[in-house]
Amino acid sequence: MPGGRLSQQERQQIASGLADGLAYAEIARGLDRPTSTITREVSRNGGPTGYRADLAHLATERRTHQRRQAKPRAASAPTQSDGRDADAVREYEEMWTTVLVQQGLPKMMSRVLACLYTTDAGSLTAAELVRRLEVSPASISKAITFLESQKLVRRERDDRRRERYVVDPELWHQSTVASARANDQLIEVARQGAAVLGPGTPAAVRLENTARYLRFVSEGLLRAAEQAREVLHMTSGPSVTEERA
C-alpha cells in the first residue's frame, strides 16, 4: 500500500528497475508509490549503482529493530514543536546524510550538515548538535572545522555570545567557486609537466589537454555559478521537478 513499508518483492522490483535504467519516477509509478519513497530507499541503501534488494531489506529490518530498542531512551528527547512528523524528518535527515556520503563527504560531517539544513533557522550551537546527533562535543568540533574549511558552514555569535554554526544559501555559491578554483593548481602542474616532458610528446599532449579541459570546466562552472546565484535567494518558486517538466 502507498505509504506503508516496502515489501521484499517491491525492493526486488526497484532493483530490476534500476538495472533497466528506469528513472525513480517511473519505478514509483509501477509500484504505486511516491517518487520520494523510491529516492529515499535507494539513497540510503547503496545508491543507484550499489542497491541490492536483499541487503536493503535486511538493513531496514535492522534499523527498525534498533529503533524499537532505542524508544525508551528516545521518549525523553524533545518533541518537534513545529507540527512536523519527527520520524519523517529523522528519515529525511538519514537520506540527506546518505546522499552526502555518496558525494564523498565523511559520515559525521554529512550528519552535521543534514542536521543544520533541516532546521528552519539554519543554525545550531555545538550543544544543540550534540543533543540532536547524540555524539561527543569533540566529534562536532572536528566536523565543523572540516565543513568550515570547505566553506559549507560558517560561525557566528548570537546575542548571548554563544557560537553558532550556520548554513545559508550563499555558502553553496562560495563552495562552488572554491571547487572551481581548486582546479587551478591541477591546471598549473599539468602545464608544467607538459613543458618538462617535451612539447609534442604523447605524455605532454595528454597533460596539456588535461589542463585545457580543466580550465574550460572551471571557467564554465564559475560563469554558471554567478548566473544562478540569485536562485539561492528565492523565497518561493517552482520546484526542481516542475522546472524539469
Side-chain angles (χ1 to χ4, degrees), residues 18 24 35-52 55-56 59-60 62-63 66-67 87-156 163-187 214 217-218 220-222 224-226 228-229 231-233 239-241:
L18 292 172
Y24 290 163
T35 302
S36 60
T37 297
I38 308 304
T39 303
R40 182 168 60 246
E41 167 69 14
V42 175
S43 296
R44 74 193 306 184
N45 291 294
T49 59
Y51 184 82
R52 300 292 181 272
L55 294 178
T60 300
R62 184 171 62 251
R63 283 193 294 267
Q66 291 172 342
R67 200 171 293 144
D87 287 338
V89 172
R90 192 178 302 111
E91 284 194 6
Y92 176 74
E93 287 180 358
E94 289 179 10
M95 181 178 71
W96 202 185
T97 298
T98 299
V99 171
L100 291 172
V101 169
Q102 291 171 353
Q103 295 294 318
L105 203 62
K107 179 70 175 288
M108 181 52 62
M109 291 64 172
S110 298
R111 293 187 68 198
V112 169
L113 199 59
C115 191
L116 287 168
Y117 264 94
T118 51
T119 61
D120 285 330
S123 71
L124 293 166
T125 65
E128 289 168 338
L129 282 166
V130 166
R131 286 196 301 271
R132 288 173 66 107
L133 298 177
E134 298 182 336
V135 295
S136 69
S139 296
I140 297 299
S141 177
K142 182 178 178 180
I144 290 296
T145 299
F146 177 86
L147 291 170
E148 193 175 28
S149 73
Q150 301 300 306
K151 299 187 182 299
L152 292 171
V153 166
R154 62 180 169 81
R155 303 171 190 245
E156 65 179 28
E163 190 171 74
R164 302 189 70 86
Y165 309 125
V166 181
V167 289
D168 62 33
E170 193 64 21
L171 289 171
W172 279 115
H173 176 74
Q174 294 173 11
S175 179
T176 301
V177 170
S179 178
R181 294 298 186 197
N183 283 333
D184 289 349
Q185 187 175 12
L186 286 172
I187 293 166
L214 291 173
V217 169
S218 293
L221 185 58
L222 288 170
E226 196 57 41
R229 193 174 190 176
V231 174
L232 290 170
H233 300 279
S239 67
V240 172
T241 303

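Count residues from 1 along the sequence.
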Straight-line distance of [X] [atom1] to [Y] [atom2], nearest 0.5 Å:
| X | Y | atom1 | atom2 | value |
| --- | --- | --- | --- | --- |
| Leu214 | Asn183 | CG | CG | 5.0 Å |
| Leu221 | Thr176 | CG | OG1 | 6.0 Å |
| Tyr24 | Thr39 | OH | OG1 | 6.0 Å |
| Glu156 | Arg164 | CD | CZ | 8.0 Å |

Which atoms form the tightest heavy-atom contact between [X] and [Y], and what is the distance?
| X | Y | answer |
| --- | --- | --- |
| Ser218 | Ala180 | OG-O, 3.2 Å |
| Glu41 | Ala56 | OE2-CB, 3.4 Å |
| Cys115 | Arg132 | SG-NE, 3.0 Å |
| Val42 | Pro48 | CG1-N, 3.5 Å |
| Ala114 | Thr97 | CB-OG1, 3.6 Å |

Just by modelled atom types, is the [Y] backbone N or O under 3.5 Å from a matching donor or acceptor in the [X] side chain?
| X | Y | result |
| --- | --- | --- |
| Ser179 | Ser175 | no |
| Glu163 | Ala126 | no |
| Ser110 | Leu105 | yes |

Contacts of Phe146 that satisfy ring-ring contact (aromatic ring centres under 6.0 Å, His included) - sequence neighbours left out: none

Given side chains that start at C-beta, do those of [X] and [Y] come closer than 4.5 Å, heavy atoms only?
| X | Y | value |
| --- | --- | --- |
| Arg111 | Val135 | yes |
| Leu113 | Gln150 | no |
| Met109 | Leu100 | no |
| Tyr92 | Ser36 | no |
| Leu116 | Leu124 | yes |
| Leu152 | Val167 | no |

Side chains of Glu148 and Tyr165: do they bring a donor and an acceptor to under 3.5 Å?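 No, because no side-chain N or O of Glu148 sits under 3.5 Å from a partner of the opposite role on Tyr165.
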
Stepwise side chain to side chain contact (heavy atoms under 4.5 Å, CB included) test for Leu222 and Arg181: CA-CA 9 Å; Leu222 288 170; Arg181 294 298 186 197; 3.6 Å; yes

Show your working on side chain to side chain contact (heavy atoms under 4.5 Å, CB included) between Lys142 and Met108 and close with a plain yes or no. CA-CA 9 Å; Lys142 182 178 178 180; Met108 181 52 62; over 6 Å; no

If you measure from the Lys or Arg side-chain nitrogens to the Asp or Glu carboxylate oxygens, is any gap between Glu170 and Arg154 under 4.0 Å? no

Is a salt bridge present between Arg90 and Glu93, judged by a nitrogen-to-oxygen distance below 4.0 Å?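 Between Glu93 and Arg90 there is no salt bridge, as every charged N stays at least 4.0 Å from the carboxylate O atoms.
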
Return the orientation label for the Tyr117 and Trp96 ring planes: parallel under 30°, perpendicular over 60°, tilted otherwise.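 Perpendicular.
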
